[in-house]
There are 2 protein chains.
Amino acid sequence: MRETPECVELFGRLLTREIPYDEAEARTAMIAAARETRWRRNQPCDAVVARSSVACVVAGAVRKFALRPSGRRQIVDLIVPGDFLGFGRPDPAFLLEAVSNDTRVACFTRDRIERLTARFPPVSTLMQSCAADAIRRLEHHLLVQSRITAREKVRAYLAEMTRRMKPGRAETVTLPITRYDIADHLGIAVETVSRAMTVLRRRGSIALRTPRDIEIRDPSMLAEGR
Amino acid sequence: MRETPECVELFGRLLTREIPYDEAEARTAMIAAARETRWRRNQPCDAVVARSSVACVVAGAVRKFALRPSGRRQIVDLIVPGDFLGFGRPDPAFLLEAVSNDTRVACFTRDRIERLTARFPPVSTLMQSCAADAIRRLEHHLLVQSRITAREKVRAYLAEMTRRMKPGRAETVTLPITRYDIADHLGIAVETVSRAMTVLRRRGSIALRTPRDIEIRDPSMLAEGR
DNA sequence: CGGGCGCTTGATTTGAATCAAACTGGGTGG
DNA sequence: CCACCCAGTTTGATTCAAATCAAGCGCCCG
């Protein structure tokens with residue numbers, strides 16, 4: 001995989017997450033061990049990812065979803081740059097698709113990970129940490145999915161995306177997915193997502209530069225409680 | 001930990017799940033490495049479990065849940081005998097409680113696992129497999145949570161429990177938790193759970209020996225679709 | 001310059017929450 | 001031993017939030 005500035009930055013973030021060791025060398029090794037693939041919008045990426053043991057999204061986003069017999073789609077996980085996928089057991093019930101054009105994923109085969117671990121033992125800890133993050137993502141999403149009102153869900157989704165998309169500034173978010181995707185992710189209707197956005201906008205909590213570029217005017221809106 | 005028949009059976013099941021090596025010896029080693037604790041109904045077990053890296057439920061059941069500011073409770077995971085917990089990052093937002101009296105849990109500290117792995121390398125694979133199961137459990141539950149109707153949720157819950165509780169016969173289930181717990185697990189109201197059960201009973205799909213002992217009269221009822 | 005996709009708004013319907021109340025069985029204390 | 005109590009469960013009546021049905025708007029892309 002090529003050492004583009006963005007992947008250097010990304011793997012730097014991964015490595016410094018909790019492991020104190022020679023960052024530059026390990027980062028170079030990880031980038032070298034990764035095999036990059038890229039997809040266009042809505043293109044399935046099951047095949048490539050399934051062959052690898054784990055993969056890290058570098059750019060764009062990937063959605064993991066199931067199709068119900070009714071034709072409904074349920075997005076169970078949304079993987080944005082810096083997140084890993086592939087810790088679960090391969091399951092044909094779930095499909096993977098690129099969300100946007102130029103979605104890039106760095107795949108690691110099992111033995112590449114093992115060789116990396118041999119040279120840099122903390123990589124094993126790093127992998128465990130990424131698996132733990134995947135679990136946390138699911139548990140948190142489970143909290144959002146259930147029990148709260150549709151407006152709460154949308155608010156929680158905005159809060160989550162604000163946190164995950166731009167580690168630096170929190171005042172604006174560019175949503176990686178469409179309203180339809182948000183609806184399928186939160187388990188509500190598109191119209192309801194739209195209405196919730198409108199309510200937040202009218203209250204002055206957010207402003208929409210475009211439907212996808214959202215300015216957080218009142219960060220306290222992201223807090224819990226109705 | 002003592003070698004009771006049930007824990008021998010349990011660890012035997014764990015070990016044979018996908019690892020072909022001398023089972024009896026490894027099982028003895030695992031049981032020896034585990035430190036057993038037991039709790040009474042509704043007793044919190046955060047403290048002990050949090051200190052360990054991972055733990056395996058041997059008897060009873062454990063619920064992992066969050067409390068909302070509103071006082072509502074959301075059960076995100078239900079761990080029954082044979083399941084592991086503790087792969088996620090420790091998170092104070094989630095609480096752990098024993099569901100029934102005489103809930104028994106086998107805890108493994110990080111270095112005990114490492115020592116086990118050194119003697120029996122496939123134990124590492126076993127751990128990864130258990131983490132993958134935890135992820136699958138969450139993803140599957142996410143699908144159930146976001147299912148459209150409440151009746152679907154209850155049906156899916158019964159199907160899941162039938163599968164997880166008694167690996168052998170599928171015609172009866174003894175639910176490990178109360179209607180209130182089921183409600184908080186599925187994100188619906190107690191009354192709705194009860195009504196859904198009543199509908200299934202009236203249709204002849206199930207029969208209730210007691211509210212907790214359920215006989216599956218029509219297994220096709222467990223299939224997908226409304 | 002269509003045409004379709006993504007987004008928004010309005011009107012109506014509906015499924016589940018909520019409020020209210022009665023029933024069960026097991027356990028406790030008089 | 002019985003009366004009581006209480007947690008768990010069930011059923012009914014009412015309310016309400018979100019799904020559904022319907023329609024229009026803007027914009028990007030072919």
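Every chain is numbered from 1 and lettered A, B, ... according to where its sequence line falls, protein lines coming before strand lines. Side chains included, hydrogens not; waters and symmetry mates left out as well; all remaining heavy atoms used.
A donor-acceptor pair shorter than 3.5 Å can be found between the side chains of B:N42 and B:R63. There is a side-chain donor-acceptor pair under 3.5 Å between B:S129 and A:R89. A donor-acceptor contact closer than 3.5 angstrom is absent between the side chains of A:T172 and A:E215. Inspection of the B:R203 and B:T198 side chains reveals no N or O donor paired with an N or O acceptor under 3.5 Å.
As judged by a 4.0 angstrom heavy-atom cut-off over every strand, B:T178 is placed among residues touching the sugar-phosphate backbone only. A:L208 comes within 4.0 angstrom of sugar-phosphate atoms only, judged by non-hydrogen atoms across all strands, and of no base.
The interatomic distance linking A:M197 (CE) with C:dG6 (P) rounds to 15 Å, in whole Å. Taking atom CG of residue B:D213 and atom C1' of nucleotide D:dT9, one finds them 15 Å apart after rounding to whole Å. Atom P of nucleotide C:dA16 and atom CD of B:Q145 are separated by 13 Å, given to the nearest angstrom. To the nearest angstrom, C1' of D:dT9 lies 13 Å from CG of B:D181. If you measure from atom CD1 of A:I182 to atom P of C:dC5, you get 19 Å, rounded to the nearest angstrom. Taking atom CZ of residue A:R209 and atom C1' of nucleotide C:dC7, one finds them 18 Å apart after rounding to whole Å. Across the protein-nucleic acid pair, A:I214 atom CD1 and C:dC7 atom P stand 10 Å apart, rounded to whole Å. If you take CZ of B:R212 and P of C:dG25, they are 15 Å apart, rounded to a whole angstrom.
Here the nucleotide nearest the side chain of B:Y180, chosen from C:dT8, C:dT9, D:dG8, is D:dG8.
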For nucleotides 15-30 of chain D, 5' to 3', base contacts (B), sugar-phosphate-only contacts (S) and non-contacts (-) with protein non-hydrogen atoms under 4.0 Å give ---SSBBB--------

Evaluation steps, side chain to side chain contact (heavy atoms under 4.5 Å, CB included), between A:M165 and A:V80:
CA-CA 7 Å; A:M165 290 301 286; A:V80 299; 3.8 Å; yes

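Although no hydrogens or angles enter the test, the distance criterion places no donor-acceptor pair under 3.5 Å between the side chain of A:K64 and the main chain of A:D77.
For A:T198, a side-chain nitrogen or oxygen approaches OP1 or OP2 of C:dT9 to under 4.0 Å. Side-chain nitrogen and oxygen atoms of B:R201 include none within less than 4.0 Å of the OP1 or OP2 phosphate oxygen of D:dT9. B:R179 has no side-chain polar atom (N or O) that falls below the 4.0 Å cut-off from OP1 or OP2 of C:dT24.
In this structure the side chain of B:R35 never reaches within 4.5 angstrom of the side chain of B:F108, judged on heavy atoms.
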